[in-house]
Structure formats: structure tokens, C-alpha cells
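Here the structure comes first, spelled out in C-alpha cells, and everything after it is commentary.
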Amino acid sequence: MKKKLIVKAEPYNFEFEPSATALMIIDMQNDFVNPGGFGEFLGNDVSLLRKAINPIRNVLEAVRETEIRVIHTREGHRPDLSDCPPSKLRRGKLKIGIGDNGPMGKVLIRGYKGYDIIDELKPLEGEPIIDKPGKGSFYATDLQLILHNWGIKYLVATGVTTEVCVHSTVRQANDRGYECLVLDDCVASYFPEFQEVGLKMIKAQGGIFGWVSSSRNFIDAIKSLK
Ligand code: TIU
């Protein structure tokens, strides 16, 4: 029998096998979290997302001492925009939009500073980075192949934004049979009301999309693995 751990969570405790678990850090990129990027050009106060950084870093450091896998994602596009649907390019009628020049280089484009994962959460070698053109991490990526090869059954979701890329990813993962735990202080939204209701939607109806807990509860649960 593989070792199972329990995290105090809602709507009820989350049971998982560490060897079959991956921590997902979703889109913690300069473009969403720092001023002068896509998030700000969409009209948002990006400082609201920064409160997730320390809790994610705490979880990441704890997980790196265990057999739990780590996967990072980045949202964005090829420099020639061939993987960007025209509808996404047009959306919002932005003054500075995807592919345009901003203070952190071309907005949401691979290879530019805005696209990079923030310094505080830099991936280590052996932690795959999934480059994704959509909001959900499974769409047009090799995420499912990697999870399959690693025998992953459980996902711990962190990152931004709660109701957009985190929700899209959790919904896609849930339909594919993964058990998803979302850590409430490790996800953030530009809209406080969406943060609240986004988390409620995960755990409602008996955990229709998954479970919700906190960084503290998760770190407590994996302490025995070190
Ligand atoms: N706009 C917004 O809230 N989010 C995104 O566009 N992408 C992600 O959530 N990563």
C-alpha cells in the first residue's frame, strides 16, 4: 500500500498519496503579478495578486524536500502569434495588448520579461514548465502526458488568477479524473469577490471540482515526509 496523507480541507478532508501528487504553480509571471504587464493593461490592480507569493513560496520550499512533483505553467504565445486565436488578440480592445511592446517587452510573448516566472518562484531544473496558449493548462500542452508518465493522480493547485487560469485548469483536471486541492492563500484574483466565490465554487456540492485548504494545513500534512 502506498503511503497516504490527510489534509484538513473543505468540504471534507483531502486524502492523497505523495508519490502520486504534483504541486502546480499556475502563471506566476511578471505579466500578471507585476506592474507594466498584461494584467495591468487589462485594467487591473496587480498588487492584489502579490499576496499569494509568500504562501506559494512556503509550499514550494516544503514540497521540494519531498517526493511530490512540481510543475510550473506560463500563459502566452509564440512571437509570431501563430498560436494565439484572433479572438483572444482582439478581446478587450486594449491600447497595449498581446504582442505589443510594453515596459517588460512584448506582452504575453515567450522570451520577454513579462512572460518570465517571477524571481521569487523561479523553477529549478527537473521542474517542468508548461507553456500554454489558453487559460486551462491541459489545452494544447503536454501536461497530461507528463502527469500520466509520472503516475500523478492528485494535483495541488496554486497561482493566478483564481477564477480564470486556476479554475480553468482545475475544471479540466477534474474532468480528466484528477483529485484537485486548491490552497486558498496560494491563489489570488484581481477581484476580491471572485476570489471568494471562486473558492466556494470549487468546494460546493460535495466538492464538485475539488477541495479547498490552506498553505498551513498542506505544509502540516507533508511534514512527516521530510
Ligand atoms: N485576466 C485574468 O484574470 N487572468 C488571465 O488572463 N490569465 C490567468 O489567469 N493566468
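We count residues from 1, following the sequence as given. Both ligands and their constituent atoms are indexed starting at 1 by order of listing. Computed over heavy atoms, backbone and side chain alike; hydrogens, waters and symmetry mates excluded. Note that the coordinates shown come from a computational prediction; the quantities given were computed from them, not determined experimentally.
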Is the shortest side-chain N to carboxylate O distance from [X] to [Y] below 4.0 Å?
X: Lys122; Y: Glu127; value: no
X: Glu163; Y: Lys135; value: no
X: Asp220; Y: Arg216; value: yes

Aromatic ring centroids of Phe16 and Phe218 under 6.0 Å?
->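 Yes - the distance between ring centres of Phe16 and Phe218 falls below the 6.0 Å cut-off.
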Can you tell me the protein heavy atom closest to [atom] and the distance?
atom: atom 3 (O) of ligand 1; result: Thr161 OG1, 2.8 Å
atom: atom 6 (O) of ligand 1; result: Lys135 NZ, 2.9 Å
atom: atom 5 (C) of ligand 1; result: Phe32 CE2, 3.4 Å
atom: atom 7 (N) of ligand 1; result: Glu75 OE1, 2.8 Å
atom: atom 8 (C) of ligand 1; result: Cys165 SG, 2.6 Å

Number the atoms of ligand 1 from 1 as they appear, then name those within less than 4.0 Å of a heavy atom of Val160, with their elements.
->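 Close to Val160: 8 (C), 9 (O), 10 (N).
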Would you mind listing which atoms of ligand 1 come within a distance below 4.0 Å of any non-hydrogen atom of Asp27?
->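 Those qualifying, in numeric order: 8 (C), 10 (N).
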N/O donor to acceptor pairs below 3.5 angstrom from side-chain atoms of residues 7-15, sequence neighbours left out:
| from | atom 1 | to | atom 2 | distance (Å) |
| --- | --- | --- | --- | --- |
| Glu10 | OE1 | Lys203 | NZ | 2.7 |

Could you grab the distance from atom OG of Ser215 to atom CG of Leu60, nearest 0.5 Å is fine?
->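 Between atom OG of Ser215 and atom CG of Leu60 there are 12.5 Å.
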Could you tell me whether Leu42 approaches ligand 1 through its side chain, its backbone, both or neither, with non-hydrogen atoms closer than 4.0 Å?
->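 It is the side chain that touches ligand 1; the backbone stays farther off.
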